[in-house]
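Here, residue 1 is the first one in the sequence, and each next residue gets the next number.
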Amino acid sequence: MTMNKRQQGFSLIELLIVVAIIGIIAAIAIPNLLASKRAANEGSAQATLRVVTSAEATYQATAGAGNYGSLPTLFANSLVDSVLGAAAPAAKSGYSYLATPTAFTSTTPASYVTSASTLAATGVGATGTRNFMSTEVGVIFYGPASTTPITTGTAIGN
């Protein structure tokens, strides 16, 4: 008496083909995912600089008595969140933030520079492709990605 065994499952070739297809899809999707994450980080950095610009203007007009404040000072006055108000530089969404105020004197007006620098500027783990900065003028400027703050750049929209 002969019995036929039912063969169930996938052959090795079929499994290798499926693994190869998954690998191809991953090779296409991962760079796009990383690019999307960098773009989201940059959008967050620009929005954060807008928030800091508004907070600086509010602080100068109220508690600052004509001067601008650092990020911890703005946090102490409930003008920015606790992430930005952490010890300088504050890290948020792949960027490092620093606000540097300069007090007014008899010869110079009060000013400040707020910068957003990428936490990782190059490689696969880069958190952004541009650095940003803003001043008391309220314009956001950008420059090449770097882990150090920029002091000049091109205005957004130009």
Look at the side chain of [X] and the backbone N and O of [Y], then say whether any donor-acceptor pair between them is shorter than 3.5 Å.
{"X": "Asn131", "Y": "Thr118", "answer": "yes"}
{"X": "Thr127", "Y": "Gly94", "answer": "yes"}
{"X": "Glu56", "Y": "Glu136", "answer": "no"}
{"X": "Thr105", "Y": "Thr108", "answer": "yes"}
{"X": "Gln60", "Y": "Gly66", "answer": "yes"}

Can [Y] be reached from [X] by stepping across I, L, V, M, F, W or Y side chains whose heavy atoms are under 4.5 Å apart?
{"X": "Val51", "Y": "Leu98", "value": "no"}
{"X": "Tyr112", "Y": "Leu71", "value": "no"}
{"X": "Leu79", "Y": "Val52", "value": "yes"}
{"X": "Val139", "Y": "Val113", "value": "yes"}
{"X": "Phe132", "Y": "Val80", "value": "yes"}

Worksheet entry | Side chain proximity check, Ile140 to Met133, heavy atoms < 4.5 angstrom | no
Discussion item. Just so I know, are the side chains of Thr48 and Leu84 near enough to count as touching, which here means a heavy-atom distance under 4.5 Å?
Written reply: yes
Worksheet item: Listed by chain and number, what are the ring pair (Phe, Tyr, Trp, His ring centres under 6.0 Å) partners of Phe141, not counting sequence neighbours?
Response: none
Please find the pair of heavy atoms, one from [X] and one from [Y], that lie closest to each other, and give the distance.
{"X": "Ala116", "Y": "Ala45", "result": "CB-CB, 4.2 Å"}
{"X": "Ala63", "Y": "Asn77", "result": "CB-OD1, 3.5 Å"}
{"X": "Asn32", "Y": "Ile28", "result": "ND2-O, 3.3 Å"}
{"X": "Ser117", "Y": "Ser146", "result": "CB-O, 3.7 Å"}
{"X": "Thr53", "Y": "Ser134", "result": "OG1-OG, 3.4 Å"}
{"X": "Ile156", "Y": "Arg130", "result": "CD1-NH1, 4.3 Å"}

Worksheet, complete the sentence: One should read off an interatomic distance between Leu74 CG and Tyr68 OH, to the nearest 0.5 angstrom, of 11.5 Å
Item to complete: To the nearest 0.5 angstrom, please state how far the CD1 atom of Ile22 sits from the CD1 atom of Ile24.
Response: 10.5 Å
Worksheet item: Other hydrophobic cluster members with Ile21, side-chain heavy atoms of Ile/Leu/Val/Met/Phe/Trp/Tyr under 4.5 Å, chained?
Response: Ile13, Ile17, Ile25
Worksheet item: What residue pairs, at least two apart or across chains, pass side chain to side chain donor-acceptor pair (under 3.5 Å) with a residue in residues 93-104?
Response: Ser44-Ser93
